[in-house]
A.B. asks: 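Below are the C-alpha cells for one structure; questions will follow.
Protein chains get the first letters and strands the later ones, always in sequence-line order, with residue 1 at the start of each.
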Amino acid sequence: MNKIATVLTALIVALLPLASQGTPENDLKEFRAYFAKKFPDVPMSDFVNGVYAVDKASREQWESFEEFPSYEIYIDKGEELFNKKFANGKGYADCFPNYKKGIRQNYPYFDKKSGEVITLEGAINTCRKDNGEEPLKWKTGPIAYISAYLANLSRGKTFNIKVPNDPDALAAYNRGKKHFYSKRGQLNMACADCHYYYAGSQIRADILSPALGHPTGFPVYRNKWAGASAKGDGMGTLHRRYEGCNKQVRAKPFKAQSDEYKSLEYFETYMSNGLVVNGPSQRK
Amino acid sequence: MNHNRRLMLKGSLAAGAVGVAIGAGLLTPRAVMAAWPKEAFESSDLNTALSASMGSSDLSDSNKIKLKAPDIAENGAVVPVTVTSEIDGTSSIGIVVSKNATPLTATFNLGPTTEGYVSTRIKMGKTSEVIAVVKAGGKLYSARKEVKVTIGGCGG
Amino acid sequence: MAKSIKVRAKAKNGVATVKCLISHPMETGLRKDKKTGKAIPAHFIQEVTCEHSGKTVLSAQWNSSISKNPFLSFKFSGARAGDTIKISWVDNMGESDSAEDKIK
C-alpha cells in the first residue's frame with residue numbers, strides 16, 4: 001500500500017511542475033497574445049524595433065538615425081575581423097560554413113551533447129579556442145563587431161528557437177523564464193515589471209521597451225554607450241545589456257555568458273520566435 | 001597630409017604668414033581655404049559668433065525655412081537636425097544652439113547647384129533653442145525650435 | 001585599409017542626394033580622462049568638402065559640437081548616376097582623409 005502511494009505521489013509530484021510551469025509553446029502563445037492585446041496598433045513584425053514600435057516621438061528620431069546608422073562602421077570592422085585568418089591558417093568561415101546564408105536566427109540553441117545553451121558569441125569564442133586563439137572579451141569590441149557582421153548577414157531570417165524534449169533543455173528554458181519574472185535587487189524589480197507589465201510606459205525619461213522582440217536587434221549600438229566611449233564605439237552584446245539592467249535595479253549582475261544569462265537569452269529568444277533578425281540595431 | 005604642410009598650417013594662422021607660404025608653393029589653395037573661423041566657433045556669445053561667421057547677427061524669422069529636430073532629444077550627444085530652405089539664392093546655412101557653451105555649431109557653404117538642405121547630428125549640452133540660419137542675397141533668415149534634453153531613466 | 005568615410009550617393013531627376021558617415025571621435029577637449037584626471041585634447045573635424053566635376057558643391061565648417069562619428073547629408077543638381085564625387089575632411093590636428101564614390 002505504502003509503496004504504491006509513494007510511487008503515485010512521486011508521479012504526481014513529477015508531473016505537477018510541468019503543469020504549473022506550462023510548456024514553452026503555451027508560454028509563447030500567451031506572450032504574443034499579451035503584447036498584441038497591449039499594443040493593438042502595432043503589427044507583430046514591428047516588435048523587432050523595440051521601443052520605437054510603441055513610441056512615435058522617439059521613432060522619428062530613430063528613423064533619422066536609420067538613414068545612415070552608426071553601427072555600419074562596426075559591421076565593416078566585424079567583416080574585416082571575420083575574414084582575418086587564424087595563426088593556424090583556418091578562419092571563422094570554417095566554423096560557420098553557412099554564414100553567408102544567415103545563421104544568427106539559429107542562436108541560442110541547446111546542445112544535448114554538452115548540456116549547454118550555445119549563444120552566437122559563445123560559438124565565436126569556441127571557434128577561436130578550437131583554433132588555438134585567445135578568447136575575445138564578451139561584452140564589447142571585436143566580439144560585438146563579429147556578431148554584428150554575422151547578424152547583419154542574417155537580417156530578415158526568422159527566429160525559430162527550439163526547446164527539445166530534454167530535461168536539461170527545459171531546465172535551461174525555465175531558469176531563464178524564472179530570471180525574467182523574478183524580482184531582484186535593492187529596487188526589487190523583475191525584468192517583467194518593466195518590459196512586460198509596464199512596457200510602453202515611462203520610467204523617468206525613458207520609455208520601456210516590450211520584451212517581445214528584445215534579443216532580435218542585438219548586438220546593439222547604444223547612443224548612451226557611444227557617448228561614454230572615447231572613440232564613440234557604442235557596440236555591445238546582449239549580455240552587456242543584461243548586466244547593465246541587473247545593475248540598474250541594484251542587483252548583483254551575473255557574468256556575461258554565465259549559465260544564468262545564457263538561460264535568460266534562451267528564454268527571451270524563444271519568446272521572440274516568429275520575429276526576424278534585426279541586428280545590429282541602434283538604440284538610445 | 002605632408003608633415004611639413006601640417007606644421008605650416010598649425011604655425012601660420014596669421015594671414016601674412018599664410019600668404020608667404022602660398023607664394024612659396026608650400027600650401028595648396030585648398031589647404032588655405034581650410035582656414036577655420038576660430039573666433040566664430042569659439043565664441044560663447046551667439047551674436048559675436050554669427051557676425052564673425054556669417055557677416056551679421058541680424059536675423060529675420062522666415063517660414064520658408066523648415067527646421068526639423070526632435071521635441072525631446074533621446075540623447076543630447078546625438079540630436080538629428082535637418083534644415084531645408086526654400087529661400088531663393090540660399091548660399092549658406094548655419095546651425096546654432098543658443099545654450100551651448102559655443103553656440104555656433106556648423107556652417108555649410110553651398111555651391112550654386114547645391115540645394116538649401118543639410119542634415120546632420122549635433123551635441124546639445126542642455127535644453128535649448130536650436131536656430132537654423134540661412135544666408136541668401138546677403139541677408140540672414142532664421143527658423144527656431146526648442147529641443148528638450150533630458151537625462152535619467154532606468155536606461156541611464 | 002578601411003577609410004574613415006562611408007558615402008552613399010543616389011541621383012534622381014538630376015539631383016544627387018549624398019549621405020556620409022565619418023568615423024571620428026569629435027572630441028571637445030572638455031572631457032577628462034577618468035584615470036589620469038587630465039583633459040582629453042580637443043580632436044574634431046573642422047572642415048568637410050564635397051567636390052563634383054571639379055567644383056566644390058559643399059564646404060562645411062564645424063566645431064566640436066557636431067556629434068561623434070558625424071553624419072552629413074546634402075543635395076545638389078546637375079548630377080548623373082556614374083558621376084564621381086569626392087568627400088574630404090580636415091581636423092584641428094591637421095589630420096585628413098578623403099573618399100571617392102560613384103553616384104548610383
A.B. asks: Quick one: pull up CH2 in B:Trp36 and CD in C:Glu47 and give me the separation to the nearest 0.5 Å.
C.D. replies: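 B:Trp36 CH2 to C:Glu47 CD: 11.5 Å, rounded to 0.5 Å.
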A.B. asks: Tell me if the NZ atom of C:Lys86 is crowded by more than 12 foreign heavy atoms within 6.0 Å.
C.D. replies: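 Open: at most 12 neighbouring heavy atoms sit under 6.0 Å from NZ of C:Lys86.
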A.B. asks: Quick check: are there more than 12 heavy atoms from other residues, nucleotides or ligands sitting under 6.0 Å from CD of B:Glu146?
C.D. replies: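 More than 12 within 6.0 Å, yes.
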A.B. asks: Please determine, among B:Thr102, B:Val97, B:Thr107, B:Asn100, the option with the most heavy-atom pairs under 4.5 Å with chain C.
C.D. replies: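 Heavy-atom pairs under 4.5 Å are most numerous for B:Thr107.
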A.B. asks: In Å, rounded to the nearest 0.5 Å, how long is the span from OG1 of C:Thr56 to CG of B:Leu110?
C.D. replies: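 If we round to the nearest 0.5 Å, C:Thr56:OG1 and B:Leu110:CG are 12.0 Å apart.
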A.B. asks: Around atom CG of B:Asp88, are there more than 12 heavy atoms from other residues, nucleotides or ligands closer than 6.0 Å?
C.D. replies: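 Counting neighbours around CG of B:Asp88, 12 or fewer heavy atoms of other residues, nucleotides or ligands fall under 6.0 Å, so no.
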A.B. asks: How far does CD of C:Gln61 sit from CZ of B:Phe41, to the nearest 0.5 angstrom?
C.D. replies: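 Going from the CD atom of C:Gln61 to the CZ atom of B:Phe41 covers 5.5 Å.
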A.B. asks: With a 4.5 angstrom heavy-atom cut-off, which part of C:Ile45 approaches chain B: side chain, backbone, both or neither?
C.D. replies: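 For C:Ile45, no heavy atom lies under 4.5 Å from chain B.
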A.B. asks: Count the heavy-atom pairs under 4.5 Å between each of C:Ser73, C:Ala16, C:Ala60, C:Gly78 and chain B, then report the option with the highest count.
C.D. replies: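 Option with the top pair count is C:Ser73.
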A.B. asks: Given that the side chain runs from C-beta out, which part of C:Val15 has a heavy atom under 4.5 Å from chain B: side chain, backbone, both or neither?
C.D. replies: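 Just the side chain, heavy atoms under 4.5 Å.
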A.B. asks: Is it the side chain or the backbone of B:Val81 that comes within 4.5 Å of chain C heavy atoms, both, or neither?
C.D. replies: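 Interface part for B:Val81: neither.
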A.B. asks: If you take all heavy atoms of B:Thr120 and C:Phe71, which pair is closest and at what distance?
C.D. replies: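 Nearest heavy atoms, B:Thr120 then C:Phe71: OG1-O, 2.8 Å.
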A.B. asks: Just wondering, are more than 12 heavy atoms of other shown residues or ligands nearer than 6.0 Å to CD in B:Glu39?
C.D. replies: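 Check fails, neighbour count at 12 or below.
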A.B. asks: Heavy atoms only: give me the nearest B:Val79-C:Ser67 pair and the separation to one decimal.
C.D. replies: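 In terms of heavy atoms, the two residues are closest at N-OG, 4.3 Å.
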A.B. asks: B:Leu104 versus chain C, heavy atoms under 4.5 Å apart: side chain, backbone, both or neither?
C.D. replies: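 Backbone only.
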A.B. asks: Count the heavy-atom pairs under 4.5 Å between each of B:Gly111, B:Ala106, B:Ser119 and chain C, then report the option with the highest count.
C.D. replies: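 Winner by heavy-atom pair count: B:Ser119.
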A.B. asks: Using modelled atom types and a 3.5 Å cut-off, is there a donor and acceptor pairing between side-chain atoms of C:Ser77 and backbone atoms of B:Thr113?
C.D. replies: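 Side chain of C:Ser77 to backbone of B:Thr113, a donor-acceptor pair under 3.5 Å: yes, one is there.
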A.B. asks: Quickly, which of C:Asn63, C:Thr28, C:Ile66 forms a side-chain contact (heavy atoms from CB on, under 4.5 Å) with B:Lys123? Name it, please.
C.D. replies: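 Going through the options one by one, the only one that passes is C:Thr28.
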A.B. asks: Do you know which two heavy atoms are closest between B:Thr114 and C:Lys75, and how far apart they sit?
C.D. replies: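 Of all heavy-atom pairs spanning B:Thr114 and C:Lys75, the closest is CG2-O, 3.2 Å.
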A.B. asks: Does the side chain of B:Phe108 come within less than 4.5 Å of C:Trp62's, by heavy atoms?
C.D. replies: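 Heavy-atom side-chain distance check passes, below 4.5 Å.
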